[in-house]
Amino acid sequence: MSSPDKIQRSGQTLGEVRRKELSHILHVERQLHELRRGHASLDPTGKIIRSAEIRDIREVKFASIIENSDQIEVEQESLPDIAKMMENAADVSRHDALERLLRLQKLYLLTERIILGLALNDIDKGALDRRWLNRWKINASESSNGALQQLWARILVRELINPGTTSLRALEHLACFSLEDAEGLNKLGSWACGDFVYRSALQALPREFDLDLFENLEEQGIIRGVHGKVLSKTLFSQSQTHFVCRISMTDKHLLIQSSQPRPELHVPAYMITKLGRELISLVNAPVDTAYLEAMMQDLHARGMSVSIDDRVQGDRHCNTL
């Protein structure tokens, strides 16, 4: 990738140069794919030479065998010796390394695109921790899915803004993520109330509640309370004269109140672990409106009133439901 100051000196626009670089990356990826499948090879100068179609090659060999079947014997293909196998291993290693490098280049382009949408003052000017950055490179370069690459780019941007935000443990955990795992995390983010999920509200929505998903989240160490002891969340009152408590949900704040002077309220919950909260902070899922409505109905049944404070770029609009 060309540095911004070099692009500025060349008189070209950043967008034009980045489009050319991305187009080149995609072109090299196609060439690498052809090399891996045996549809092309490299000559001594490094130039791509396209091989003939496999179908055409087979037809030629077949015709040759038929015409000369009485005169020659068909030679059996010999197995490769150790030298040939080492050569093949070196080729595979080089192809893998190039593939990882191309993925990193695309991730850097995605990261830069996100940064350009931020205020430059938000970016920390210090160098990233070398151990953290090396671990990010290793794990991120293994991801070929577009949605997961967006996630890895956001992780790098967040670390640039606030170093130390994403732990090495979280990076290792995300390295094992599939697209299905990322979708599950996104769903969890739409239900999270700080450090818990309102269990009875979610279970009241058969279409939303997926026990397999929650079992998988518990197995990954993201939540607790699916199996074993039934857990609850204690909401403590922030006032001595009456019950009042505020909880956060993605882009919303809930104000829970009661005229009765009670010190706390217990609600059924799946508890989100520290690792889970760290991972949820990486996604930006809107609140599940059906789940929110079920929450409010349950709280109303417990004698509570609920107000919702929508937070959109600093603007707040309070609606009492």
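What you see below is based on every heavy atom in this structure, not just the backbone, and it leaves out hydrogens, waters and symmetry mates.
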Participant: Strictly distance-based, threshold 3.5 Å: is any side-chain N or O of T273 a donor or acceptor partner for the main-chain N or O of I222?
Facilitator: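 Pair found, side chain donor or acceptor close to backbone of I222.
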Participant: Please check if the number of heavy atoms outside H24 that lie under 6.0 Å from its NE2 is greater than 12.
Facilitator: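 Open: at most 12 neighbouring heavy atoms sit under 6.0 Å from NE2 of H24.
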Participant: With a 4.5 Å heavy-atom cut-off, do M296 and I308 have their side chains touching?
Facilitator: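 The answer is yes, as the side chains (C-beta and beyond) meet within the 4.5 Å cut-off.
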Participant: Do W132 and L156 have side chains that approach each other closer than 4.5 Å (heavy atoms only, starting at C-beta)?
Facilitator: yes
Participant: Find out if a path of hydrophobic residues (ILVMFWY) with successive side-chain heavy-atom gaps under 4.5 Å connects Y108 to L148.
Facilitator: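 No; L148 is not reachable from Y108 via cluster members.
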Participant: Applying salt bridge (Lys or Arg N to Asp or Glu O under 4.0 Å) to D195 and K274, what does each step give before you reach the verdict?
Facilitator: CA-CA 8 Å; D195 62 350; K274 181 180 179 181; over 6 Å; no
Participant: Going hydrophobic residue to hydrophobic residue with side-chain gaps under 4.5 angstrom, can you get from L133 over to I115?
Facilitator: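 Same cluster.
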Participant: Would you mind reporting whether L255 and D309 have side-chain heavy atoms less than 4.5 Å apart?
Facilitator: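 They are not in side-chain contact.
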Participant: Between the side chains of H253 and S248, does any donor sit under 3.5 Å from an acceptor?
Facilitator: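 Result is yes, a qualifying pair exists.
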Participant: Would you say E278 and S167 are linked by a side-chain donor-acceptor pair, where the criterion is simply a distance under 3.5 Å?
Facilitator: yes
Participant: Taking T165 for its side chain and N162 for its backbone only, find out whether a donor-acceptor pair lies under 3.5 Å.
Facilitator: yes
Participant: Please answer whether the main-chain N or O of A182 pairs with a side-chain N or O of N186 as donor and acceptor at a distance below 3.5 Å.
Facilitator: no
Participant: Would you kindly say whether R262 and S237 are connected by a side-chain donor-acceptor distance under 3.5 Å?
Facilitator: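 No, no side-chain donor-acceptor contact under 3.5 Å.
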Participant: Roughly how far, to the nearest 0.5 Å, is CD of Q105 from CG of L98?
Facilitator: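 With rounding to 0.5 Å, CG (L98) is 10.0 Å from CD (Q105).
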Participant: Distance only, no hydrogens: is a donor on one side chain within 3.5 Å (strictly under) of an acceptor on the other, for S178 and D181?
Facilitator: yes
Participant: Quick check: F214 with W191 (ring centres under 6.0 Å apart)?
Facilitator: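 So the answer is yes for these two rings.
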Participant: Would you call L151 and R154 a side-chain contact if the rule is heavy atoms closer than 4.5 Å?
Facilitator: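 In contact.
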Participant: Any donor-acceptor pair under 3.5 Å linking the side chain of R100 with the backbone of I138?
Facilitator: no
Participant: If only side-chain N and O atoms count, and only distance matters, is there a donor-acceptor pair under 3.5 Å linking E218 with H227?
Facilitator: no
Participant: Please check if atom CD in E219 has more than 12 non-hydrogen atoms from other residues, nucleotides or ligands closer than 6.0 Å.
Facilitator: no
Participant: Determine the minimum heavy-atom distance between I223 and V226, stating which atoms define it.
Facilitator: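 Looking at all heavy atoms of both residues, the shortest contact is CD1-CG2, 3.6 Å.
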Participant: I need the L217 CG to L213 CG distance, nearest 0.5 Å.
Facilitator: 4.5 Å
Participant: Take S190 and V287 through the test side-chain contact (heavy atoms from CB on, under 4.5 Å) and record every step on the way to the result.
Facilitator: CA-CA 4 Å; S190 70; V287 66; 5.8 Å; no
Participant: Given 3.5 Å as the limit, does a donor-acceptor pair link the side chain of S141 with the main chain of K137, or not?
Facilitator: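 The answer is yes, because a donor-acceptor pair under 3.5 Å joins these two groups.
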Participant: What I want to find out is whether K20 reaches E16 closely enough, with some N-O distance under 4.0 Å, to be called a salt bridge.
Facilitator: yes
Participant: What I want to check is whether the side chains of Q238 and R246 have a donor and an acceptor closer together than 3.5 Å.
Facilitator: yes
Participant: Can you confirm whether Q220 sits close enough to C176 that some side-chain heavy atom of one is under 4.5 Å from a side-chain heavy atom of the other?
Facilitator: no
Participant: Closer than 3.5 angstrom, by distance alone: can the side chain of N139 be matched with the main-chain N or O of L171 as a donor-acceptor pair?
Facilitator: yes
Participant: Any donor and acceptor pair, going by atom type alone, linking the side chain of E159 with main-chain N or O of L128 inside 3.5 Å?
Facilitator: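 Side chain of E159 to backbone of L128, a donor-acceptor pair under 3.5 Å: no, none is there.
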Participant: Any chance you could measure L118, atom CG, to I161, atom CD1, to the nearest 0.5 Å?
Facilitator: 5.0 Å
Participant: State, with a plain yes or no, whether a side-chain heavy atom of P268 is found less than 4.5 Å away from one of K233.
Facilitator: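 P268 does not reach K233 side chain to side chain.
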Participant: Sequence neighbours excluded, which residues qualify as salt bridge (Lys or Arg N to Asp or Glu O under 4.0 Å) partners of D288?
Facilitator: none
Participant: So, applying salt bridge (charged side-chain N to carboxylate O under 4.0 Å, His left out) with K106, which one of E112, E21, E99, E29 is it?
Facilitator: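 Going through the options one by one, the only one that passes is E29.
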Participant: Could you tell me whether the side chain of Y291 and the main chain of Y198 form a donor-acceptor pair under 3.5 Å?
Facilitator: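 Present.
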Participant: At what distance, to the nearest 0.5 angstrom, does CG of L102 lie from NE2 of H27?
Facilitator: 11.5 Å
Participant: V92 and M85: same hydrophobic cluster, using ILVMFWY side-chain contacts below 4.5 Å?
Facilitator: no
Participant: Is the closest side-chain heavy-atom distance between M304 and S258 below 4.5 Å?
Facilitator: yes
Participant: Decide side-chain contact (heavy atoms from CB on, under 4.5 Å) for K187 and V283; before the verdict, give the C-alpha distance in whole Å, the side-chain angles of both, and the deciding distance to 0.1 Å.
Facilitator: CA-CA 10 Å; K187 288 181 180 179; V283 301; over 6 Å; no
Participant: Check whether more than 12 heavy atoms from other residues, nucleotides or ligands sit under 6.0 Å from atom CD1 of I82, and answer yes or no.
Facilitator: no
Participant: Using every non-hydrogen atom in the two residues, find where I272 and G194 come nearest and quote the distance to one decimal.
Facilitator: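 In terms of heavy atoms, the two residues are closest at CD1-O, 3.9 Å.
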Participant: For atom CD of E264, is the number of surrounding heavy atoms from other residues, nucleotides or ligands below 6.0 Å larger than 12?
Facilitator: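 Correct, the count exceeds 12.
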Participant: Parallel, tilted or perpendicular: which describes the rings of H173 and F177, with under 30° parallel and over 60° perpendicular?
Facilitator: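 Rings of H173 and F177: perpendicular, as their planes differ by over 60°.
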Participant: Check the orientation of W136 and W152. Use parallel for under 30°, tilted for 30 to 60°, and perpendicular for over 60°.
Facilitator: perpendicular
Participant: With a cut-off of 6.0 Å (strictly less than), are more than 12 heavy atoms of other residues, nucleotides or ligands near CZ of R113?
Facilitator: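 Result for CZ/R113: open.
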Participant: Hey, what do you get for CG (L109) to CD (Q149), rounding to the nearest 0.5 Å?
Facilitator: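 Rounded to the nearest 0.5 Å, the CG-CD separation comes out at 10.5 Å.
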Participant: Any heavy-atom pair between the side chains of K229 and R224 that's under 4.5 Å?
Facilitator: no
Participant: Return yes if some donor-acceptor pair links the side-chain N/O of S93 with the main-chain N/O of A89 below 3.5 Å, else return no.
Facilitator: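 Between the backbone of A89 and the side chain of S93 there is no qualifying donor-acceptor contact (under 3.5 Å).
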Participant: How close do A153 and L110 get, heavy atom to heavy atom, and via which atoms?
Facilitator: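 Closest pair (atom of A153, atom of L110, distance): CB-CB, 3.9 Å.
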Participant: May I ask you to check whether over 12 heavy atoms, not counting those of R302, lie within 6.0 Å of atom CZ?
Facilitator: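 Above 12, so yes.
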Participant: Between V230 and L265, is there shared hydrophobic-cluster membership here, with clusters defined by ILVMFWY side-chain heavy atoms closer than 4.5 Å?
Facilitator: no
Participant: Got a second to check how far L254's CG is from C245's SG, nearest 0.5 Å?
Facilitator: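 Result: 9.5 Å between the selected atoms.
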Participant: Would you kindly confirm whether V244 and I256 end up in one hydrophobic cluster when ILVMFWY residues are joined by side chain heavy atoms under 4.5 Å apart?
Facilitator: no
Participant: Any donor-acceptor pair under 3.5 Å linking the side-chain atoms of T241 with those of S239?
Facilitator: yes
Participant: List the atom of H242, the atom of S259, and the distance in Å for their closest heavy-atom pair.
Facilitator: CB-O, 3.9 Å
Participant: Does either side chain, that of R199 or that of S232, offer a donor lying less than 3.5 Å from an acceptor on the other one?
Facilitator: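 No pair is found: no donor N or O on one side chain lies under 3.5 Å from an acceptor on the other.
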Participant: Is the NE2 atom of H266 crowded by more than 12 outside heavy atoms at less than 6.0 Å?
Facilitator: yes
